[in-house]
Amino acid sequence: MPGEPVAADRAAAGPGFPWAVPAGAARPRAPGPPRSLYVHFPFCVHRCHYCDFSVKRAAAPPIGRWLSAIERELAWWFERGGWEAGTVLDTIFVGGGTPSLLGAAGMEELAERIAAWFRVDPRHTEWTAEANPASFDADLGVRWRAAGVNRLSLGVQAFDDAVLAWLGRLHDRRRAMEAVREAKAAGFDGVSLDLLFGLPPEVTRDLAAEVETAVSLGVSHLSLYGLTVEPRTPLAEWIRLGRVRAPDENRYAAEYRLLSRGLRAAGYDHYEVSNFARPGAHCRHNWAYWNRTSYLAIGPSAHGFLPPVRSWNVFRWDRYERALDAGRGPLDGWERVGAAEEDLERIWLDLRTQRGIGPGGPRLERWTEAGWLEERNGRWVATIEGWLRLDAIVAELAGAEGR
């Protein structure tokens with residue numbers, strides 16, 4: 001995924017954010033309360049060796065302290081924004097970390113904290129929660145459904161025991177399949193799976209067979225993630241020491257094509273560079289990101305967007321909690337997206353999706369000739385080959401915009 005364009009104004013966060021701006025800068029109008037909410041739960045039993053997320057290892061997470069911090073952050077935002085409680089949320093996404101470690105009572109209490117500030121309408125609100133197959137079961141699913149969660153995202157990553165062991169996952173193929181069945185039995189019609197691809201050359205797998213397994217489970221949605229080597233992770237150190245080789249770009253591209261071809265043949269709509277869905281099962285929360293809709297993001301490391309301001313919270317759990325305890329608020333920094341950056345950002349986000357860009361966009365004939373873009377209903381849409389080269393397309397567009 002290409003990096004976002006650099007915004008015009010950046011600042012370290014202060015207690016008056018986002019309406020406290022540098023001297024002489026235009027004062028942005030305070031937006032109303034957003035209709036989408038992201039909540040980050042930062043605890044895991046085990047940190048995977050490729051992960052650089054805001055994660056704290058904890059066999060028994062401090063759920064009460066985390067809920068208290070989330071409650072204080074919500075109060076901070078509503079006070080600073082001058083917002084009134086009661087806005088109906090379109091979407092909620094609880095990610096991590098391993099949110100299934102919240103258990104049933106933790107999710108029920110989170111629902112109560114959210115309900116103090118927002119309204120959740122079971123007929124309207126899409127509420128997604130992530131879960132690890134190792135810490136999910138049918139009883140948890142039933143309790144989560146009763147609390148308001150209506151869409152489940154399972155971090156399966158693979159359906160091959162050897163691959164799962166190499167990744168350091170805590171479940172095997174059988175447990176992953178059982179978790180999907182338990183989710184459906186608990187009443188989740190919307191079940192999404194995460195699959196990881198583009199692993200180092202030393203890791204062999206039959207990815208086509210894994211696609212068949214995923215399809216056979218009848219899930220409504222799949223998200224694909226190509227492995228990236230992040231600094232300061234065990235994987236990066238293994239590569240530096242020569243224990244494994246870096247992921248191969250050719251393998252990455254071949255597996256991406258295979259996954260897309262197999263899932264499209266099975267009736268899934270490849271509606272965004274990394275996402276596939278059955279008809280009517282697109283992730284509405286993700287569309288809030290791609291549409292540049294206002295959304296609030298709470299919890300350590302969470303990134304939010306209250307147009308025209310993007311903000312990011314303190315990364316580490318302990319420092320995030322201390323910042324709230326001290327009354328400093330959750331933020332680590334922010335940026336205000338300028339008009340030129342907004343135009344480029346819209347192009348970048350539109351090209352990530354099937355929506356594509358309109359005829360008024362930049363001249364793209366060279367990429368259509370190369371097979372990277374194609375015209376559909378008067379709009380320019382990336383092909384599979386174009387999505388594989390999205391970074392290059394966006395970089396060239398950024399250079400053209402800067403001239």
Side-chain angles (χ1 to χ4, degrees), residues 1-4 48-53 155-169 173 193-215 222-266 268-276 348 351-354 356 364-374 380-399:
M1 185 166 112
E4 294 185 9
C48 297
H49 58 248
Y50 53 85
C51 174
D52 73 335
F53 290 173
V156 169
Q157 311 308 349
F159 285 104
D160 182 303
D161 284 347
V163 174
L164 288 166
W166 186 88
L167 291 171
R169 303 297 291 174
R173 166 190 166 91
L193 301 182
D194 289 352
L195 293 178
L196 194 62
F197 71 98
L199 305 182
E202 289 81 1
V203 185
T204 60
R205 68 195 301 193
D206 184 348
L207 195 56
E210 293 185 56
V211 171
E212 291 179 6
T213 299
V215 169
L222 295 102
S223 295
L224 309 182
Y225 297 100
L227 180 68
T228 56
V229 181
E230 301 294 347
R232 298 181 298 278
T233 61
L235 178 58
E237 181 66 6
W238 295 352
I239 292 171
R240 188 186 71 81
L241 296 174
R243 291 175 55 184
V244 297
R245 287 173 287 171
D248 181 86
E249 291 184 4
N250 292 329
R251 178 180 184 177
Y252 179 103
E255 291 188 347
Y256 183 74
R257 295 184 187 106
L258 183 154
L259 286 160
S260 178
R261 185 168 58 248
L263 291 171
R264 286 184 289 119
Y268 289 89
D269 179 22
H270 193 171
Y271 71 99
E272 192 268 344
V273 63
S274 299
N275 288 278
F276 297 76
W348 171 65
L351 281 174
R352 287 186 63 89
T353 71
Q354 278 187 335
L364 305 172
E365 288 85 352
R366 183 172 67 80
W367 291 320
T368 61
E369 293 172 2
W372 296 6
L373 300 178
E374 62 185 15
W380 300 98
V381 180
T383 64
I384 301 302
E385 297 305 313
W387 273 336
L388 281 168
R389 298 164 174 84
L390 191 58
D391 283 3
I393 294 175
V394 173
E396 189 165 326
L397 286 174

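Just so it is clear, the structure is predicted and the values come from calculations on it, not from any experiment.
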Asker: Ignoring hydrogens, what is the shortest heavy-atom contact between Pro201 and Ala246? Give both atom names and the distance.
Answerer: CD-O, 3.5 Å
Asker: Shortest non-hydrogen contact from Leu227 to Pro200?
Answerer: CD2-CD, 3.7 Å
Asker: Could you list all the side chain to side chain donor-acceptor pair (under 3.5 Å) pairs where at least one residue sits in residues 228-237, not counting sequence neighbours?
Answerer: Thr228-Glu230, Glu237-Arg240
Asker: So, for Arg251 and Thr204, which heavy atoms are closest and what is the spacing to 0.1 Å?
Answerer: NH2-CA, 4.3 Å
Asker: Evaluate the side-chain proximity of Leu193 to Phe159: yes if any heavy-atom separation is below 4.5 Å, no if none is.
Answerer: yes
Asker: Please work out which of the three classes, parallel, tilted or perpendicular, describes the rings of His270 and Trp387, given edges at 30° and 60°.
Answerer: tilted
Asker: Mind telling me whether Tyr252 and Phe197 have parallel, tilted or perpendicular rings, with 30° and 60° as the class edges?
Answerer: tilted
Asker: In Å and rounded to the nearest 0.5 Å, what is the CG to CG distance from Leu263 to Asp269?
Answerer: 11.0 Å
Asker: Nearest 0.5 Å please: distance from the CG atom of Leu222 over to the CG atom of Leu259.
Answerer: 9.0 Å
Asker: Show me the pairs that pass salt bridge (Lys or Arg N to Asp or Glu O under 4.0 Å) and involve residues 380-389, at least two apart or across chains.
Answerer: Arg257-Glu385, Glu385-Arg389
Asker: Could you walk me through whether Val244 and Leu235 pass side-chain contact (heavy atoms from CB on, under 4.5 Å), step by step?
Answerer: CA-CA 8 Å; Val244 297; Leu235 178 58; 4.1 Å; yes
Asker: Keeping the roles fixed (side chain from Glu255, backbone from Gly198), state whether a donor-acceptor pair exists under 3.5 Å.
Answerer: yes
Asker: Does Glu212 form a side-chain contact (heavy atoms from CB on, under 4.5 Å) with Val215? I'd like the steps, not just the answer.
Answerer: CA-CA 5 Å; Glu212 291 179 6; Val215 169; 5.8 Å; no
